[in-house]
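Letters go in sequence order (proteins before strands), and every chain restarts at 1.
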Protein chains: 2
Amino acid sequence: MKITEARVKATLRRYGYKLTRQRRSIIKAVVSSEDRLTPAALYNKLHQDYPDIGLVTVYRTLGLLDNLGFLCKLHTGGDCHACTIGTPEPHHHLICSGCGKVIDFFCRSMAELEGNLAEETGFTIKDHLLEFTGYCQNCRKDLM
Amino acid sequence: MKITEARVKATLRRYGYKLTRQRRSIIKAVVSSEDRLTPAALYNKLHQDYPDIGLVTVYRTLGLLDNLGFLCKLHTGGDCHACTIGTPEPHHHLICSGCGKVIDFFCRSMAELEGNLAEETGFTIKDHLLEFTGYCQNCRKDLM
DNA sequence: TATGTAATTGAAAAAGATTATCAATTACAT
DNA sequence: ATGTAATTGATAATCTTTTTCAATTACATA
Ligand SMILES: [Zn+2]
Ligand SMILES: [Zn+2]
Ligand SMILES: [Zn+2]
Ligand SMILES: [Zn+2]
């Protein structure tokens with residue numbers, strides 16, 4: 001399910017958070033982007049249109065969105081401190097190492113693999129992380 | 001294939017690196033550990049037996065082992081700046097969030113999934129990251 | 001619409017993690 | 001044993017992220 005700006009704003013309101021100009025601009029940028037985002041990159045981008053926005057507020061708002069379950073953390077495709085908008089429904093990510101584009105995908109066989117692993121190792125498995133990286137069609141053209 | 005202390009030392013020698021007392025102690029610790037290791041944790045552990053070892057040398061030696069292909073990077077089970085000894089053969093990791101124990105496993109179906117993803121998305125896929133986290137038998141006991 | 005108040009903000013400082021610098025030390029080929 | 005280039009640890013520098021705090025602002029209420 002796609003997350004909309006309106007839904008994020010409504011959730012913030014419901015929890016009693018104020019909708020400041022800074023938060024609105026960050027939410028708009030995060031929701032409308034299909035790319036992997038880092039705090040610094042997001043700050044640089046936003047700072048052009050909203051010169052009065054601070055890096056600290058970007059960190060704080062990303063932390064807030066994360067706590068509310070609106071962010072997926074990404075570890076590959078660059079450094080490993082990036083994120084992208086996403087639902088808490090189980091899914092995985094395919095990330096372009098060139099432009100940062102993120103594609104969500106689902107994988108039915110993880111539950112089975114998890115079951116096998118648990119049986120073989122005696123572990124109680126709580127979570128997993130699966131990411132693919134590569135180059136999207138556009139970026140592959142650029143490489144040639 | 002399990003990586004031995006002797007093999008790591010031989011590789012260092014072959015590339016012309018000197019086998020200092022510090023490097024030997026770090027190699028011994030890394031090779032003999034089945035756990036996720038961070039530079040700081042490794043430093044604290046080693047510093048007890050070798051008080052003259054510096055944190056910088058731990059960073060440098062881990063970097064060296066990584067360049068030589070002896071380390072696997074780990075992103076889950078704690079912060080995401082840890083590693084463990086491992087071969088470059090494709091494999092994945094199951095990590096205990098309690099004690100940091102790392103179990104290697106293989107998964108035949110990743111190639112197929114990668115092929116499907118590439119076809120559906122037009123991406124040229126280069127790599128992937130798969131980690132499971134949970135609690136090992138010992139740590140599960142401790143939680144009860 | 002004006003007001004009160006608690007949440008939010010940005011600047012600056014602090015805290016952590018990692019890397020670069022450099023003189024002293026050390027491994028190891030000879 | 002000696003010479004030399006690699007390595008080391010202390011220190012400083014760099015980056016990223018968090019904390020602090022006075023000033024500002026959103027928004028409920030009147
Ligand atoms: Zn990571
Ligand atoms: Zn791309
Ligand atoms: Zn491994
Ligand atoms: Zn454990």
Side-chain angles (χ1 to χ4, degrees), chain A residues 5-6 8-30 36-68 70-71 73-75 77-83, chain B residues 5-6 8-30 36-68 71 73-83:
Chain A
E5 216 177 313
V8 176
K9 286 180 181 171
T11 303
L12 255 71
R13 234 182 258 111
R14 176 152 30 92
Y15 281 95
Y17 293 107
K18 293 182 178 177
L19 274 179
T20 64
R21 185 179 64 261
Q22 293 91 335
R23 281 180 179 163
R24 283 197 307 269
S25 69
I26 295 171
I27 290 168
K28 181 195 268 278
V30 170
R36 66 190 288 288
L37 300 167
T38 60
L42 195 53
Y43 168 75
N44 289 331
K45 186 175 158 191
L46 287 167
H47 199 254
Q48 295 172 359
D49 296 336
Y50 311 83
D52 63 342
I53 208 169
L55 177 60
V56 190
T57 298
V58 174
Y59 271 102
R60 280 190 285 228
T61 306
L62 286 178
L64 179 57
L65 294 179
D66 188 34
N67 287 340
L68 294 174
F70 287 122
L71 292 188
K73 299 298 186 67
L74 304 174
H75 296 264
D79 65 61
C80 70
H81 298 276
C83 63
Chain B
E5 215 176 315
V8 176
K9 286 181 183 171
T11 303
L12 255 70
R13 234 182 258 112
R14 176 153 29 92
Y15 282 94
Y17 293 107
K18 293 182 179 176
L19 274 178
T20 63
R21 184 179 64 262
Q22 292 91 335
R23 282 180 177 164
R24 284 196 306 269
S25 70
I26 294 171
I27 290 168
K28 182 196 268 280
V30 171
R36 69 189 288 287
L37 300 168
T38 60
L42 195 53
Y43 168 75
N44 289 331
K45 186 176 159 191
L46 286 167
H47 200 253
Q48 294 172 358
D49 295 337
Y50 310 83
D52 62 343
I53 209 169
L55 176 60
V56 189
T57 297
V58 174
Y59 271 101
R60 280 191 285 230
T61 305
L62 286 178
L64 179 57
L65 294 180
D66 188 34
N67 288 340
L68 295 174
L71 293 187
K73 300 298 186 66
L74 305 174
H75 296 264
T76 55
D79 65 62
C80 68
H81 299 276
C83 63

Check your understanding: Paired with C:dT30: which nucleotide, if any, by Watson-Crick or G-U wobble criteria at under 3.5 Å for both distances?
Key ->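 Matched C:dT30 with D:dA1 under the 3.5 Å cut-off.
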
Exercise for review: Any strand is fair game: report the nucleotide pairing with C:dA14 by Watson-Crick or G-U wobble, both distances under 3.5 Å, or none.
Suggested key: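 C:dA14 is paired with D:dT17.
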
How many Å lie between [atom1] on [X] and [atom2] on [N], as a whole number?
X: B:Arg14; N: C:dC28; atom1: CZ; atom2: P; result: 16 Å
X: A:Leu62; N: C:dT8; atom1: CG; atom2: C1'; result: 16 Å
X: A:Arg24; N: D:dT25; atom1: CZ; atom2: C1'; result: 11 Å
X: B:Ile53; N: C:dT25; atom1: CD1; atom2: P; result: 18 Å
X: B:Tyr59; N: D:dC15; atom1: OH; atom2: P; result: 16 Å
X: A:Asp66; N: D:dT18; atom1: CG; atom2: P; result: 11 Å
X: A:Leu55; N: C:dA14; atom1: CG; atom2: P; result: 18 Å
X: B:Asp79; N: D:dT16; atom1: CG; atom2: P; result: 17 Å

**Study point:** First of B:Lys18 and A:Thr61 reached from the 5' end of DNA chain C, by closest nucleotide
**Key:**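 The residue whose closest nucleotide sits nearer the 5' end is A:Thr61.
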
Check your understanding: Is there a side-chain polar atom (N or O) of B:Thr20 under 4.0 Å from OP1 or OP2 of C:dT26?
Key -> no

Check your understanding: Does A:Arg23 place a side-chain N or O at less than 4.0 Å from the phosphate oxygens OP1/OP2 of C:dT8?
Key -> yes

Exercise for review: Describe, in one word, how the ring planes of A:His81 and B:His81 are oriented to each other, choosing from parallel (under 30°), tilted (30 to 60°) and perpendicular (over 60°).
Suggested key: parallel

Selection from [options] that lies nearest to any side-chain heavy atom of [X]:
X: B:Gln22; options: D:dA6, C:dA6, D:dT8; answer: D:dT8
X: B:Leu19; options: D:dT17, C:dC28, C:dT18; answer: C:dC28
X: B:Val56; options: D:dT7, C:dA27, D:dT11; answer: D:dT11
X: B:Arg60; options: D:dC27, D:dT16, D:dT8; answer: D:dT8

Whether the side chain of [X] engages the backbone of [Y] through a donor-acceptor N/O pair (distance < 3.5 Å, no angle test) should be reported.
X: A:Arg13; Y: A:Lys18; result: no
X: B:Asn44; Y: B:Ala40; result: yes
X: B:Thr61; Y: B:Val58; result: no

Review point. So how far is it from A:Ser25 OG to A:Asp49 CG, rounded to the nearest 0.5 Å?
Key: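 Between atom OG of A:Ser25 and atom CG of A:Asp49 there are 8.5 Å.
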
